[in-house]
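Heavy-atom basis, side chains included; hydrogens, waters and symmetry copies ignored.
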Amino acid sequence: MFTMTEIFEMALRLEENGEAYYRQAAEHARSCGMPQKVADLWKKLAEDEREHRKMFMEMKKSFLQGTDIDIKEKVGSWYIVEAIGNRLFSFDPACAFSASEPKDIIGIARGVEEDSIRFYEFLRKLVDNETVLSIIKRIIDEERGHVEHLDRLLAGL
């Protein structure tokens with residue numbers, strides 16, 4: 001069983017992993033002699049993930065104080081397992097660079113972004129606070145923008 005506090009902790013971990021991955025991607029891009037615009041994109045995405053983490057920390061502090069609920073009351077346990085299984089949270093950013101091809105690195109990043117979007121869409125179903133919902137929607141929109149940036153980067157290879 002997961003509580004809302006644990007769900008927000010998972011969101012924080014997703015953003016932390018994304019930031020670490022993008023910082024390593026920027027370093028990798030520089031060391032492999034990729035164009036500066038590639039390293040700059042990775043750095044921007046890392047900063048966005050850091051900002052998302054801050055937003056989730058604030059949501060957790062302000063919204064969840066005294067309002068923890070058992071989310072099984074809102075959704076079936078099968079959906080929880082599907083939405084937040086080990087696949088999303090066992091990602092190790094350091095292992096992602098065993099592939100040296102830029103298209104593979106971009107593909108991994110795209111997958112992480114899509115997983116984040118799915119998880120945050122799931123989170124939206126659990127929250128009924130309008131302020132929190134608008135923040136989550138903003139983060140989802142930014143994550144979708146990341147996918148678009150990655151698609152353009154991939155198309156340019």
Next item on the list: Can you sort out the partners of Leu41 under side-chain contact (heavy atoms from CB on, under 4.5 Å), two or more places apart, ordered by chain and number?
Entry: Leu45, His149, Leu153
Check: side-chain contact (heavy atoms from CB on, under 4.5 Å) with Glu27: which residues, sequence neighbours excluded?
Finding: Arg30
Item checked: side-chain contact (heavy atoms from CB on, under 4.5 Å) involving Arg144 - partner list, sequence neighbours excluded -> Ile117, Glu121, Ile140, Asp141
Note to self: Apply side-chain contact (heavy atoms from CB on, under 4.5 Å) to residues Glu58 and Ile135 and explain how you reach the verdict.
What the structure shows: CA-CA 10 Å; Glu58 287 304 311; Ile135 295 168; over 6 Å; no
Margin query: If I take atom CZ from residue Arg110 and atom CD from residue Glu113, how far apart are they, to the nearest 0.5 angstrom?
Written below: 10.0 Å
Checklist line | Over all atoms of both residues, closest heavy-atom pair of Ile136 and Tyr120 | finding: CG2-O, 3.7 Å
Checklist line | Which residues share a side chain to side chain donor-acceptor pair (under 3.5 Å) with Glu148, sequence neighbours left out | finding: none
Next item on the list: To the nearest 0.5 Å, tell me how far Met10 CE sits from Glu15 CD.
Entry: 14.5 Å
Item checked: Tyr21 and Trp42 aromatic ring geometry - parallel, tilted or perpendicular at 30°/60° bounds -> perpendicular
Next item on the list: Mind running side-chain contact (heavy atoms from CB on, under 4.5 Å) on Leu14 and Phe56 for me, showing each step along the way?
Entry: CA-CA 11 Å; Leu14 276 172; Phe56 278 116; over 6 Å; no
Note to self: List the residues meeting side chain to side chain donor-acceptor pair (under 3.5 Å) with Arg53, not counting sequence neighbours, and say none if there are none.
What the structure shows: Glu19
Notebook entry, point to check: How close do Leu150 and Ile106 get, heavy atom to heavy atom, and via which atoms?
Noted result: O-CG2, 3.6 Å
Notebook entry, point to check: Taking only residues two or more places apart in sequence, or in another chain, which ones meet Lys103 in a salt bridge (Lys or Arg N to Asp or Glu O under 4.0 Å)?
Noted result: none
Check: If every non-hydrogen atom of Leu133 is compared with every non-hydrogen atom of Arg124, which pair is closest and at what distance?
Finding: CD2-O, 3.5 Å
Note to self: Under the rule for side-chain contact (heavy atoms from CB on, under 4.5 Å), what residues qualify as partners of Glu51, not counting sequence neighbours?
What the structure shows: Lys54
Next item on the list: Mind checking side chain to side chain donor-acceptor pair (under 3.5 Å) for Lys44 and listing every partner two or more places apart, or none if nothing turns up?
Entry: Asp48
Notebook entry, point to check: Val112 versus Glu49: any side-chain heavy-atom pair under 4.5 Å?
Noted result: no
Check: In chain order, what residues pass the salt bridge (Lys or Arg N to Asp or Glu O under 4.0 Å) check against Glu47, with sequence neighbours excluded?
Finding: Arg23, Arg50
Note to self: Test of understanding: with side chain to side chain donor-acceptor pair (under 3.5 Å), list the residues that count as partners of Glu143, not counting sequence neighbours.
What the structure shows: His52, His146
For a quick test of your reading: what N or O donor-acceptor pairs under 3.5 Å do the side chains of residues 33-40 make, sequence neighbours left out?
residue: Gln36; atom: NE2; partner: Asp40; partner atom: OD1; Å: 2.7

Check: After noting the C-alpha distance and the side-chain angles of Met55 and Arg138, does the key distance pass the side-chain contact (heavy atoms from CB on, under 4.5 Å) rule?
Finding: CA-CA 10 Å; Met55 288 182 216; Arg138 177 177 158 205; 3.5 Å; yes
